[in-house]
Number of protein chains: 2
Amino acid sequence: MSYEKYVILENPDPAQAAEFIRLSWRRYVIVIFARSMVTYRGRAASRLDWDDHLIIIKPDGTLLVHGPTKRDPINWQPPGCTVTSMERDNVLVIRSRRPRPREEVVIDCNPIYVILAVDIRRGLFRMYGTESWMISIVMRHPELIEDGFVPIAREHQTKYGIIDLLGRDREGNIVICEFKRRMADVQHVAQLALYVDTFPRPKGARVRGILVAPGISDKALLALKEKGLEYRRLNHATLMKYAEG
Amino acid sequence: MSYEKYVILENPDPAQAAEFIRLSWRRYVIVIFARSMVTYRGRAASRLDWDDHLIIIKPDGTLLVHGPTKRDPINWQPPGCTVTSMERDNVLVIRSRRPRPREEVVIDCNPIYVILAVDIRRGLFRMYGTESWMISIVMRHPELIEDGFVPIAREHQTKYGIIDLLGRDREGNIVICEFKRRMADVQHVAQLALYVDTFPRPKGARVRGILVAPGISDKALLALKEKGLEYRRLNHATLMKYAEG
DNA sequence: AAATACATTTCGAGA
DNA sequence: TCTCGAAGTGTATTT
């Protein structure tokens, strides 16, 4: 098979299609438009009845079955799976196997309207505004937590998990900070409460817990107060001001 | 534009492509293979440099930009967004706007290798093995928790969240059950601990907390014991035996 | 519309 | 390889 930027097959018969997929799936991203039926067995199980779906097979073993709506595929297989294709009873059968956990997706296709194989690349990708970006800025501007706050350790390991930011307040109390890049909820309060409850209590000092987020739900605020914890509002816009200068 | 099951455009010029997308995006799922550059601004921000990517536009306003690997798109826009397309400086510019939260994805394309428009449908879909399926089976077979366990309420509302299953043991103690369909971790223990800590304590009875899951992480088990909570192993295979008969 | 919790979550970092 | 926690999480359900 010589190199082409893309290859189109219109109305291939199942045997032709099976052969084409076998030869090209490690080199091309394959897009298949066909009437199809999908069964999945693994961590759960599902069945998608016959209709016209869009199937995508990537060189890394990713498999996607898309419907006409929604961001997420109806069925899928993550990277690392093995794809096989064959013709049986005039039906194209695509099988994707995942070793661990043991999962399988089987797609029957008939008829096959179009197969498009494309040579995709990934351009350089950069992302801004994540949680670790938040913490980096607070490390450089501790007063964003409160006056006198002194960071001790970022990502402090405990028996029960990692504390985002550990520090001390001006009175020498331990301060445990839990960061969220979006609205904080009860789960996040529960997590902070666990850290504070189980942190080794130093003599003559308290252990404070502060939830740092751009917002907090009513229930979460209630739980926070009940557990004697604190909330520090910190939003994207404020952080942006400290980002460069 | 007359109805076709699918339409293929090879090497369209940007103006042609823009026109085609404008006319067909509410009726077809559009698959575009083009050299492209993507910028995203919204809850966060990102930039994907020029390279050959796969772009999918669905009739519900979903937008996907896929690379050669991974299950998830590099950039995307969820259902409900508005797509516009235009030609500018011989570049196809696709713009997707989401009203709330206010987010925008802009894709510049040049050259455009192929555009494929397909009429996709979604077949009937059924799923098995979810968490609510687990709880339903335990409701009918309370002995799966322990002998003498009596369910009181499924999805019991508290101030801080919903308890999956509330019941009593043979000695009349309150039992709070938290279900997980997969390996339980510290987060889940933290959540259960919060429910138990804040549950109204009845006179002369204890409040027990049981985490019901097919497995539990070491850290989670440690935290569970520290908080005096319990773990009941319950896997998929066991539940399947009780599913029908 | 806002809140809440599940998901075949996926993905990446660290041990 | 496994564990743990973030994510522009998405998605359905309920208020």
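The chains referred to below are lettered A, B, ... by the order of the sequence lines, with proteins before strands, and numbering in each begins at 1.
Atom CG of A:D185 is separated from atom NZ of A:K180 by 8.5 Å, given to the nearest 0.5 angstrom. Distance check, rounded to the nearest 0.5 Å: CZ of A:R97 to OG1 of A:T82 gives 8.5 Å. In this structure, the separation between CZ on A:R181 and CH2 on A:W133 is 9.0 Å, given to the nearest 0.5 Å.
Along DNA chain D, the nucleotide nearest B:A220 and the nucleotide nearest A:F125 are compared for position; the residue whose nucleotide lies closer to the 5' end is B:A220. When the nearest nucleotides of DNA chain C are assigned to A:D218 and A:A45 by heavy-atom distance, the more 5′-ward of the two goes with A:D218.
Taking atom P in both D:dG5 and C:dT8, the straight-line distance is 22 Å, to the nearest Å. For D:dG8 and C:dT4, the P atoms lie 23 Å apart once the distance is rounded to whole Å.
A heavy atom closer than 4.0 Å to some atom of DNA chain D occurs in no member of residues 161-168 of chain B. For DNA chain C, the neighbouring residues in residues 62-85 of chain A, judged by any heavy atom under 4.0 Å, are A:I74, A:N75, A:W76, A:P79.
Ring to ring, A:H66 and A:W76 are not that close: their centroids are 6.0 angstrom or more apart.
Contact check, B:R100 against C:dA1: a side-chain N or O comes under 4.0 Å of OP1 or OP2. Dashed line: the shortest gap from a side-chain N or O of B:K180 to OP1 or OP2 of C:dC6 is under 4.0 Å. Under 4.0 angstrom from either OP1 or OP2 of D:dT9 there lies at least one side-chain N or O belonging to A:R182. Here B:R43 reaches the OP1 or OP2 of D:dG10: one of its side-chain N or O atoms lies under 4.0 Å away. Contact check, A:R41 against C:dT8: no side-chain N or O comes under 4.0 Å of OP1 or OP2.
With distances taken from any side-chain atom of A:Y195 to the nucleotides D:dT1, D:dG5, D:dA7, the minimum falls on D:dG5. Taking only side-chain atoms of A:S217, from C-beta outward, the nucleotide of C:dT4, C:dA7, D:dA7 with the closest atom is C:dT4. Listed nucleotides: C:dA3, C:dT4, C:dT8. Nearest to the side chain of A:K219: C:dT4.
For the pair A:K58 (side chain) and B:T69 (backbone), a donor-acceptor distance under 3.5 Å is present. When atom types are taken as modelled, the side chain of B:K227 and the backbone of A:L194 share no donor-acceptor pair closer than 3.5 angstrom. For B:S136 (side chain) and B:S132 (main-chain N/O), a donor-acceptor pair under 3.5 Å exists by modelled atom type.
Of all the heavy atoms in B:P214 and B:M183, the pair that sits closest is CG-N, 4.1 Å. Across all their heavy atoms, B:V212 and B:I145 have their closest contact at CG2-CD1, 3.7 Å.
When rounded to the nearest whole Å, the span between NE2 of B:H188 and P of D:dT3 equals 14 Å. Straight-line distance from the CD atom of A:Q157 to the C1' atom of D:dC4: 9 Å, rounded to whole Å. For A:H236 and D:dG8, the NE2 to P distance is 11 Å, given to the nearest whole Å. The interatomic distance linking A:M183 (CE) with C:dA2 (P) rounds to 9 Å, in whole Å. Distance A:L192 CG to D:dG5 P: 13 Å, rounded to the nearest Å. The distance from atom CG of A:L221 to atom P of C:dA3 is 13 Å, rounded to the nearest whole Å. As a whole-Å value, the separation of A:Y40 OH from C:dA7 P is 12 Å. The separation between A:E131 atom CD and C:dC11 atom C1' is 15 Å, rounded to whole Å.
Heavy atoms of B:T130 sit under 4.0 angstrom from primed sugar atoms or phosphate atoms, though from no base atom. A:E103 comes within contact range of at least one nucleobase, with a heavy-atom separation under 4.0 Å.
Put simply, the side chain of A:T84 does not reach to within 4.5 Å of the side chain of A:M86, judged on heavy atoms.
Shown here, C:dA15 forms a base pair with D:dT1; the pair counts as Watson-Crick or G-U wobble because both key distances fall under 3.5 Å.
Side-chain polar atoms of A:Y40 and A:E104 form no donor-acceptor pair below 3.5 angstrom.
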